[in-house]
Amino acid sequence: MRPSRTTLLATGATPRELDIPGVDRTHKLRTRADEEKLKATFEPGARLVTIGGGWIALEVAASAREAGLDVTVLERSKLPLVSVLGPELAEHLKKLHESHGVDIRTETEATGVTDDGVLVGDELVPAEVILLAAGVTPSTELAAAAGLGVQDGIIADPQLRTTDPNIWVAGDAAYATNTVLGPLRVEHWDNAIRQGKLAARSILGQEGAYDWQPYFYTDQFEFSMEYVGHSSPDDSVVIRGDLDKNAFIAYWIAPDGHTITAGMNVGIWDVNDQLRELIGTTVDPEQLTVLG
Ligand SMILES: Cc1cc2nc3c(=O)[nH]c(=O)nc-3n(C[C@H](O)[C@H](O)[C@H](O)COP(=O)(O)OP(=O)(O)OC[C@H]3O[C@@H](n4cnc5c(N)ncnc54)[C@H](O)[C@@H]3O)c2cc1C
């Protein structure tokens with residue numbers, strides 16, 4: 001029976017704060033207003049430092065560099081995005097940024113922010129503009145106050161119903177059970193749209209389940225890609241095509257050596273649906289091709 005009162009939580013996520021001195025001097029990027037404020041600082045020759053080297057930091061780094069800023073990326077891990085891309089592709093992306101003049105400093109942790117730049121221990125990395133892009137956290141305060149189950153997001157079943165039968169959740173805030181991948185929180189636009197539609201169907205008592213693979217895209221210099229699936233850092237990566245020309249397909253293969261967990265098309269278009277169909281299938285990696 002349809003409940004008489006329903007609520008959909010779509011509270012999204014908010015940029016992660018860092019507990020370091022001076023952090024309030026940094027820009028964050030979540031809203032259109034944030035974007036306008038940051039963009040207004042894009043004067044050729046200005047120095048931008050990003051704290052963090054994830055997707056948003058690297059996209060901003062590329063745009064800022066193209067606008068003539070002097071850009072430094074500070075990233076705590078060994079390579080930017082290594083947990084998603086794996087070492088070979090993360091190194092590739094790093095080199096691409098460096099070839100455009102972005103200074104990417106890995107295994108580097110910001111310890112403070114001053115009027116003159118970002119502190120890394122005793123060293124000052126000078127900057128007029130500082131972007132804090134250290135990931136996001138799901139906005140769960142409202143759900144928690146309402147007594148809903150919260151873990152890494154607002155807990156929901158495959159129909160996106162929370163632990164309260166009259167409340168649904170969709171988007172970046174949702175920690176929902178994917179029928180193929182298990183409990184999952186996804187911070188991508190495509191997921192927010194699909195989950196919004198599924199939640200609406202579910203509220204109306206119609207059939208449907210959270211059963212799709214995550215999808216996202218990025219554009220950074222010559223690296224334009226679409227990614228579908230859900231890889232893990234233990235997967236191996238098989239590349240087909242031309243890495244140097246940023247025209248290739250990457251396949252993530254599970255530790256069993258055969259199951260495709262994710263695929264990424266870089267500079268090769270209209271193949272993402274084919275990639276999506278391959279996810280979860282078993283293959284002989286030798287047989288994988290550029291598709292198209
Ligand atoms: C700079 C940037 C670049 C991105 N690039 C990509 C990309 O290239 N590809 C991709 O797939 N995804 C990208 N994303 C991620 C994508 O934008 C998000 O996954 C998507 O916006 C999530 O939608 P949402 O509706 O769940 O949350 P949001 O878009 O965060 O919307 C949540 C809204 O709820 C409001 N809200 C929160 N709490 C309350 C409350 N208590 N009361 C009232 N309102 C409240 C918030 O203010 C916000 O407006 C990017 C995100 C950012 C910030």
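The figures here come from the full heavy-atom set of this structure, side chains too, leaving out hydrogens, waters and symmetry mates. Remember, it's 1-based here, ligands and their atoms both numbered in the order they're listed.
Residue Glu107 qualifies as enclosed at atom CD: its count of foreign heavy atoms under 6.0 Å is above 12.
A salt bridge between Glu35 and Lys28 is absent, with no side-chain N of the basic residue lying under 4.0 Å from a carboxylate O of the acidic one.
Applying the side chain to side chain contact (heavy atoms under 4.5 Å, CB included) criterion to Thr41, with sequence neighbours excluded, gives His27, Leu38, Val129.
Using a 4.0 Å heavy-atom criterion, the residues that approach ligand 1 are Ala10, Thr11, Gly12, Ala13, Leu29, Arg30, Ile56, Glu59, Leu142, Gly171, Asp172, Glu187, His188, Trp189, Ala192, Phe216, Tyr217.
Scanning all heavy atoms of the two residues, the minimum distance from Leu48 to Ala64 falls at CD2-CB, 3.6 Å. Minimum heavy-atom separation, Ile279 to Ala262: CD1-CA, 3.5 Å.
Ser202 and Trp168 form a side-chain donor-acceptor contact under 3.5 Å, judged by distance and modelled atom types alone.
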